[in-house]
Amino acid sequence: MNDVIQAVKGTRDYYPEEMAVRRWLYDNIRQVSESFGYQEWEGPFLEKIELYAAKSGEEIVEKQSYVFEDRSGERIALRPELTPTLARLVAKRQPQLVFPLRWWSFGPFWRYERPQKGRGREFFQWNIDLIGDHSPEGDAELAVIAATFLQKIGFKSDEVNILVNNRKLMEQKTEALGIDAEMRPAVYKLIDRRDKLKTADWENYAEEIGLSSTQIDSLMDILENDQLWQESDELRRFFKTVEIFQIKDYINFAPHIIRGLDYYTGTVFEAWDTAGDFRSLFGGGRYDNLVDDVGGKPVPAVGFAAGNLVITLLLEKLGRLPTVGNSPAQVLVTIFDSEHILPSLLLADELRQSGMKIATYPNPVKLAKQFKYADRIGTPLAIVLGPDELASNQVTVKDLRSGDQHNIPRDQFPKAILDLLEGDSAS
RNA sequence: GUGGAUGUAGCUCAACGGCAGAGCGCCGCACUGUGGAUGCGGUGGUUGAGGGUUCGAUUCCCUUCAUCCACCCCA
């Protein structure tokens, strides 16, 4: 075991069981996205470093991206996020695209960080964006999509929560406290930590930033006011819209949600597990300067990104991982002995013509071993085609779940087999 | 980048500084044309790696690597 070469730090191996879960997530993502009229797209995994340098902060690009020089000396990054790529694609064909665009994507991303719970260096992310619309109803659409997805994969509204706020509202409120624009990033960071720090620590932090004690008190009041959204025209329209949807319980106002980085311009939201065991399941919001930095005309947009790792961890903790114990095959055709290999392979191929998933045992070992293999991989049926069967033009079919065994004449194929399989799945 | 915890069989874990073990798994047999149950037998290891202390190290010390957790950061 020592000489097995180790996987790259922070990567995850998807053995068939894990791959089945990822695939299941992808299927749900696709269904939800498409049900709202969104189209799948994909960009390259490699981008020029400038694409990120234009928008993202320097530290992010320098310290948390995989960057390398290609053979021509060009500096290339493994994409750490999708939004700059989205901006690039939109800018490139801006005049001919039909807005609003509804686009979604699911693919791999890389960030050079220290791995820990729910965070790796390679992960998969669902990105979904509504581009070219600036309405609060558009914001609501994205939150509703997110909630629909959470419900679809089995989370209840008391287990996960989409917390919503609005940056313009917070800008107003902090301005009214006499906090000027250049202090705002630090204050937003402070707001973001309201429920991550103990009150005393939070107050100390606030003082360090340079807030007066009256400012701190007022800010704390603001962050405890769950009716604050009433003061925002955008949020009133947002919640009025959300209200009509059946998943409305998943979506709530939360004044401390502000999001890490600067490019959000309006509504922002994050999804959390209510027990607080994990980091956020996803985050997003409105960013009305998309395309700006890559050389196009500004386009309003709203979207979010959801990683696969935290969602999978939470599903696991709640015991909701899908039961994807399906066998790779529905039938194992055994091979009686070295004289009877070809008839078995021929039978298997016949059965495949009717759409069944058929595996054959690769070589004529003892039947007991082949049956054990069938059992281990979970095929419902095993077929034996030996000298007796060939002589009587029959096939022996064993149902591995009931243990029943049938002799089926060849002319009843493949219907008899299909009937057996359907009978099983119905019961 | 900072701090903490943990590395023993394929997996989950034991072993006051004194012969490295158990359960599960795997293989075989009972059952040479039939899996799952049962019984019996067997396979299993450079104790992450390197060094030190000691008569003797899985155990104590140092270094290193890996994993996990927290901080930082979260596009």
Side-chain angles (χ1 to χ4, degrees), chain A residues 1-12 47 51-65 77-87 109-121 123 125 127 189 192-193 196-197 201 258-264 268 270 277-285 287 290 293 303-307 309-310 313 327 332 334-337 339-340 361 364-391 395-407:
Chain A
M1 84 184 199
N2 292 329
D3 30 46
V4 175
I5 293 171
Q6 274 160 345
V8 172
K9 188 189 191 82
T11 60
R12 184 175 165 192
E47 292 279 11
L51 182 67
Y52 305 103
K55 185 180 76 69
S56 317
E58 266 180 39
E59 191 175 317
I60 283 161
V61 179
E62 295 300 323
K63 295 184 70 176
Q64 299 197 329
S65 293
L78 280 170
R79 63 179 188 185
E81 60 162 325
L82 193 62
T83 305
T85 300
L86 175 64
F109 296 87
W110 296 266
R111 292 179 198 171
Y112 194 80
E113 299 179 291
R114 187 92 46 114
Q116 54 187 277
K117 188 166 64 167
R119 193 168 72 182
R121 290 182 171 184
F123 54 93
Q125 214 176 50
N127 282 262
K189 197 169 175 178
D192 185 54
R193 297 199 177 176
K196 291 168 191 160
L197 295 176
D201 294 337
I258 198 87
R259 301 289 298 150
L261 232 60
D262 304 334
Y263 72 72
Y264 291 106
V268 288
E270 290 176 2
D277 291 336
F278 303 98
R279 64 187 66 246
S280 68
L281 280 81
F282 53 74
Y287 49 104
L290 179 75
D293 296 320
F304 66 85
L309 298 178
V310 177
L313 283 174
S327 171
L332 178 79
T334 61
I335 293 193
F336 188 79
D337 61 25
E339 308 286 302
H340 296 81
Y361 204 85
V365 296
K366 306 202 307 188
L367 279 182
K369 191 159 182 175
Q370 300 187 46
F371 271 78
K372 183 164 188 173
Y373 176 76
D375 185 52
R376 295 295 302 273
I377 66 173
T379 65
L381 302 178
I383 289 181
V384 179
L385 188 57
D388 297 349
E389 287 84 357
L390 282 170
V395 156
T396 301
V397 179
K398 181 163 185 177
D399 187 319
L400 291 171
R401 283 178 287 186
S402 61
D404 297 341
Q405 198 154 302
H406 314 271
N407 290 316

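By convention in this document, chain letters (A, B, ...) are assigned in the order of the sequence lines, proteins followed by strands, and residues within each chain are numbered from 1.
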Nearest whole Å is fine: how far is C74(B) C1' from Tyr264(A) OH?
10 Å
I need the OH-C1' distance between Tyr263(A) and C74(B), as an integer number of Å.
11 Å
Does [X] reach a base, just sugar-phosphate, or nothing at all? Heavy atoms under 4.0 Å.
{"X": "Arg121(A)", "value": "nothing"}
{"X": "Gly283(A)", "value": "nothing"}
{"X": "Asp337(A)", "value": "nothing"}

Could you tell me which residues satisfy side chain to side chain contact (heavy atoms under 4.5 Å, CB included) with Glu389(A), sequence neighbours excluded, listed by chain and number?
Val384(A), Leu385(A), Thr396(A)
Sequence neighbours left out, what passes side chain to side chain contact (heavy atoms under 4.5 Å, CB included) with Ile258(A)? Give chain and number order.
Arg167(A), Met170(A), Tyr188(A), Ile191(A), Asp192(A)
Pairwise distance [atom1]([X]) to [atom2]([Y]) - rounded to 0.5 angstrom:
{"X": "Phe123(A)", "Y": "Glu113(A)", "atom1": "CZ", "atom2": "CD", "result": "7.5 Å"}
{"X": "Trp110(A)", "Y": "Thr11(A)", "atom1": "CH2", "atom2": "OG1", "result": "11.5 Å"}
{"X": "Arg114(A)", "Y": "Arg121(A)", "atom1": "CZ", "atom2": "CZ", "result": "8.0 Å"}
{"X": "Arg79(A)", "Y": "Glu47(A)", "atom1": "CZ", "atom2": "CD", "result": "8.5 Å"}
{"X": "Lys372(A)", "Y": "Leu400(A)", "atom1": "NZ", "atom2": "CG", "result": "13.5 Å"}
{"X": "Leu332(A)", "Y": "Tyr373(A)", "atom1": "CG", "atom2": "OH", "result": "7.0 Å"}

Using the closest heavy atom to pick a nucleotide of RNA chain B for each, name whichever of Phe336(A) or Arg259(A) lands nearer the 5' end.
Phe336(A)
With nearest nucleotides of RNA chain B determined for Lys196(A) and Asp404(A) from heavy-atom distances, which residue corresponds to the more 5′ nucleotide?
Asp404(A)
Polar-atom pairs under 3.5 Å, protein N or O versus N or O of nucleotides 67-70 of chain B: list them with distances, or write none.
from   : atom 1 : to        : atom 2 : distance (Å)
U67(B) : OP2    : Lys9(A)   : NZ     : 2.9
C69(B) : OP1    : Lys117(A) : N      : 3.4
C69(B) : OP2    : Lys117(A) : N      : 2.6
A70(B) : OP2    : Gln116(A) : OE1    : 3.3

Please indicate whether Phe278(A) has more than 12 foreign heavy atoms, meaning atoms of other residues, nucleotides or ligands, lying under 6.0 Å from its CZ.
yes
Distance, [atom1] atom - from [M] to [N], rounded to whole angstrom:
{"N": "A14(B)", "M": "U32(B)", "atom1": "P", "answer": "42 Å"}
{"N": "U2(B)", "M": "U12(B)", "atom1": "P", "answer": "30 Å"}
{"N": "G44(B)", "M": "G10(B)", "atom1": "C1'", "answer": "9 Å"}
{"N": "C24(B)", "M": "C60(B)", "atom1": "P", "answer": "30 Å"}

Under-3.5 Å donor-acceptor pair between [X] side chain and [N] base:
{"X": "Asp375(A)", "N": "G36(B)", "value": "no"}
{"X": "Glu113(A)", "N": "G1(B)", "value": "no"}
{"X": "Gln405(A)", "N": "U34(B)", "value": "yes"}

Nucleotide of C72(B), G35(B), U34(B) approaching Arg119(A) most closely (side-chain heavy atoms)
C72(B)
Contact state string [nucleotides 27-32 of chain B, B base, S sugar-phosphate only, - no protein heavy atom under 4.0 Å]
S-S---
Please identify each residue that fulfils ring-ring contact (aromatic ring centres under 6.0 Å, His included) with Phe336(A), with sequence neighbours left out.
His340(A)
Toss me the dot-bracket line for RNA chain B: Watson-Crick and G-U wobble, both under 3.5 Å, 5' to 3', using | for pairs to another strand and [ ] for crossers.
(((((((..((((....[..)))).(((((.......))))).....(((((..]....))))))))))))....
